[in-house]
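Below is one structure, written out as structure tokens, with a few remarks after it.
Note on naming: letters A, B, ... go to the chains in the order of the sequence lines (proteins, then strands), and numbering restarts at 1 for each one. For clarity, every value in this text was computed on a predicted model and none was experimentally measured.
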There are 2 protein chains.
Amino acid sequence: MHLTTKGKYAVTAALDLAMHENNDFISIADLSLRQSIPGPYLEQLFRNLRKAGILTSHRGPGGGYKLSRPSNEIKIGQIISAVEDRMDATQCSGEGNCSAGSKCLAHNLWTDLNNQVQSFLMDRSLEDVLRDSNNKSLTLNNNKKLLIAAG
Amino acid sequence: MHLTTKGKYAVTAALDLAMHENNDFISIADLSLRQSIPGPYLEQLFRNLRKAGILTSHRGPGGGYKLSRPSNEIKIGQIISAVEDRMDATQCSGEGNCSAGSKCLAHNLWTDLNNQVQSFLMDRSLEDVLRDSNNKSLTLNNNKKLLIAAG
DNA sequence: TATATTCTTGACAAGATTTGTCAAGAATAG
DNA sequence: CTATTCTTGACAAATCTTGTCAAGAATATA
């Protein structure tokens with residue numbers, strides 16, 4: 001199970017796009033600057049997100065990327081599986097041949113962990129995370145939450 | 001968040017030790033053979049498990065390793081954190097300075113994921129996993145479970 | 001005591017993966 | 001026509017994982 005900066009960058013970038021959902025297209029240069037992600041690296045990640053149907057792009061001046069669906073219809077798990085190829089926790093890719101052709105002692109454990117993590121990531125949309133981020137980051141010292149609309 | 005074969009080997013080896021809890025000491029050679037783990041590599045992992053107080057060792061003929069506590073008192077999470085040093089999912093090691101000194105948009109998301117995974121791993125003892133492994137691996141075709149004591 | 005066994009420690013190396021870069025090209029707005 | 005921006009393929013450095021090795025220390029047993 002490998003969740004690397006690749007997946008984290010992709011999610012952060014997608015969250016940025018979700019924050020500016022009303023804007024038309026956002027360039028990699030802007031995103032790179034705002035989120036401190038190396039531009040050419042982001043380029044590479046966005047290839048996968050576009051192939052997965054999560055982003056729409058447009059070339060030329062004023063071009064860039066935007067979400068291809070509303071932010072509440074895009075799950076964190078979809079973004080991660082578009083860029084990470086080693087999220088599976090089992091040694092055998094779920095095939096059950098992890099110990100001399102049959103299941104190793106821990107096979108069910110890793111399978112259960114997989115399901116747990118997948119559920120976690122598939123239960124959360126970009127909108128969910130953004131709302132949560134806003135609320136918690138604005139929690140005051142006295143522990144009263146200051147609720148403000150995202151944006 | 002990196003769960004590598006290092007952690008998986010360590011858990012598998014510990015499960016083997018738990019299965020033979022009544023035996024005195026088990027050598028790396030035996031473990032390596034039974035679980036198909038490279039001996040010298042296992043050596044390296046067992047250093048960490050011993051330092052973490054999970055294993056007890058004894059040198060000389062008939063020597064080897066055994067669990068330092070009953071298998072129901074050793075959690076999977078303890079084993080993994082003894083050998084894996086990059087299980088944290090946040091970019092900032094939880095410090096909250098992941099984006100120009102303050103929390104990145106996804107900070108809470110990764111923190112929540114961390115907690116989820118940690119709970120999962122800390123809720124399960126070696127004994128739990130072994131019991132589960134026995135039950136499920138003996139599930140028959142007709143979906144009736146054949147319950148047999150571990151051993 | 002001698003010997004075989006087994007852990008202990010430190011260091012090293014090959015391979016894979018991640019992370020990041022670059023350049024040439026294609027599309028498009030103004 | 002020109003500047004902008006994505007698109008694609010390839011490449012390279014850094015890091016990490018995985019695995020190996022050798023010399024040494026402890027210990028059971030004969």
Side-chain angles (χ1 to χ4, degrees), chain A residues 1-13 17 23-68 80 82-89 91, chain B residues 1-13 17 23-68 80 82-89 91:
Chain A
M1 174 170 297
H2 289 242
L3 175 56
T4 68
T5 61
K6 213 186 303 181
K8 296 180 210 165
Y9 279 166
V11 169
T12 298
L17 291 178
N23 298 26
D24 239 9
F25 287 97
I26 292 178
S27 72
I28 282 196
D30 285 357
L31 270 171
S32 165
L33 200 63
R34 275 205 295 266
Q35 303 301 335
S36 309
I37 301 173
Y41 195 32
L42 201 49
E43 230 165 49
Q44 204 180 111
L45 303 180
F46 274 16
R47 286 182 213 188
N48 295 316
L49 294 180
R50 205 167 49 86
K51 251 193 304 188
I54 293 168
L55 297 185
T56 304
S57 62
H58 192 72
R59 291 199 258 200
Y65 292 90
K66 66 174 187 178
L67 301 177
S68 61
I80 290 182
V83 299
E84 298 277 7
D85 36 338
R86 297 205 302 163
M87 280 299 288
D88 186 59
Q91 201 71 358
Chain B
M1 172 169 296
H2 290 241
L3 176 56
T4 66
T5 61
K6 214 187 301 182
K8 296 180 211 166
Y9 278 167
V11 168
T12 298
L17 291 177
N23 298 26
D24 239 9
F25 288 96
I26 292 178
S27 72
I28 282 195
D30 285 358
L31 270 171
S32 165
L33 201 63
R34 275 205 295 265
Q35 303 301 335
S36 309
I37 301 173
Y41 195 34
L42 201 48
E43 232 165 48
Q44 205 181 112
L45 303 180
F46 273 17
R47 286 183 212 188
N48 296 316
L49 294 180
R50 204 167 50 86
K51 252 193 303 189
I54 294 168
L55 297 185
T56 304
S57 62
H58 191 71
R59 291 200 258 201
Y65 292 90
K66 66 174 186 178
L67 301 178
S68 61
I80 289 182
V83 299
E84 298 277 7
D85 36 340
R86 298 204 300 164
M87 279 302 285
D88 187 57
Q91 200 71 357

Between the CD atom in B/Gln91 and the OH atom in A/Tyr9, the distance rounded to the nearest 0.5 Å is 6.0 Å
Do any side-chain nitrogens or oxygens of B/Thr4 fall under 4.0 Å of OP1 or OP2 in D/dT18? yes
With distance as the sole criterion, is a donor-acceptor pair present between the side chains of B/Glu84 and B/Thr4 under 3.5 Å? yes
Please tell me which of the listed nucleotides, C/dT19, C/dT17, D/dT7, lies nearest to the side chain of A/Lys6? C/dT19
Nearest whole Å is fine: how far is D/dT17 C1' from A/Arg86 CZ? 9 Å
Separation of atom NZ in B/Lys51 from atom C1' in C/dC7, rounded to whole Å: 15 Å
Atom CG of B/Asn48 and atom P of C/dT8: how far apart are they, to the nearest Å? 12 Å
Residues from residues 56-65 of chain B lying under 4.0 Å of DNA chain D - heavy atoms: B/His58, B/Arg59, B/Gly60, B/Pro61
In whole angstrom, what separates A/His2's NE2 from D/dT15's P? 18 Å
Separation between CD1 (A/Ile80) and NZ (A/Lys6), nearest 0.5 Å, reads 12.0 Å
Which atoms of nucleotides 21-23 of chain C (N or O only) lie under 3.5 Å from a protein N or O atom, and what are those distances?
| from | atom 1 | to | atom 2 | distance (Å) |
| --- | --- | --- | --- | --- |
| C/dT21 | O4 | A/Gln44 | NE2 | 3.1 |

Step by step, work out the side chain to side chain contact (heavy atoms under 4.5 Å, CB included) result for A/Lys66 and A/Ile26. CA-CA 6 Å; A/Lys66 66 174 187 178; A/Ile26 292 178; over 6 Å; no
Is the side chain of A/Ser57 donor-acceptor paired with the backbone N or O of A/Gly64 at a distance under 3.5 Å, no angle test? no
Would you indicate, yes or no, if D/dG19 has its OP1 or OP2 atom less than 4.0 angstrom from a side-chain nitrogen or oxygen of B/Tyr9? yes
In whole Å, I'd like the distance from the CD atom of A/Gln91 to the P atom of D/dT17. 14 Å
Measure across B/Thr56 and B/Phe25 and return the closest heavy-atom pair with its distance rounded to 0.1 Å. O-CE2, 3.9 Å
Please state how far atom CD1 in B/Ile28 lies from atom P in D/dG19, giving the value in whole angstrom units. 14 Å
C/dT9, OP1 or OP2 - any side-chain N/O from B/Arg50 closer than 4.0 Å? yes
Does the side chain to side chain contact (heavy atoms under 4.5 Å, CB included) test come out yes or no for B/Leu55 and B/Leu67, once each step is laid out? CA-CA 5 Å; B/Leu55 297 185; B/Leu67 301 178; 3.8 Å; yes
Can you tell me how far C1' of D/dC16 sits from CE of B/Met87, to the nearest Å? 16 Å
Let me have the donor-acceptor pairs involving side chains of residues 31-53 of chain A, under 3.5 Å, with sequence neighbours excluded, atom names and distances please.
| from | atom 1 | to | atom 2 | distance (Å) |
| --- | --- | --- | --- | --- |
| A/Ser32 | OG | A/Ile37 | O | 2.7 |
| A/Ser32 | OG | A/Gly39 | N | 3.4 |
| A/Arg34 | NE | A/Asp16 | OD1 | 3.4 |
| A/Arg34 | NE | A/Asp16 | OD2 | 2.9 |
| A/Arg34 | NH2 | A/Asp16 | OD1 | 2.8 |
| A/Gln35 | NE2 | A/Asp16 | OD2 | 2.6 |

Looking at A/Met1 and A/Met87, what are the two nearest heavy atoms and their distance? CE-O, 3.7 Å
B/Glu84 CD to D/dT17 C1': how many Å, rounded? 10 Å
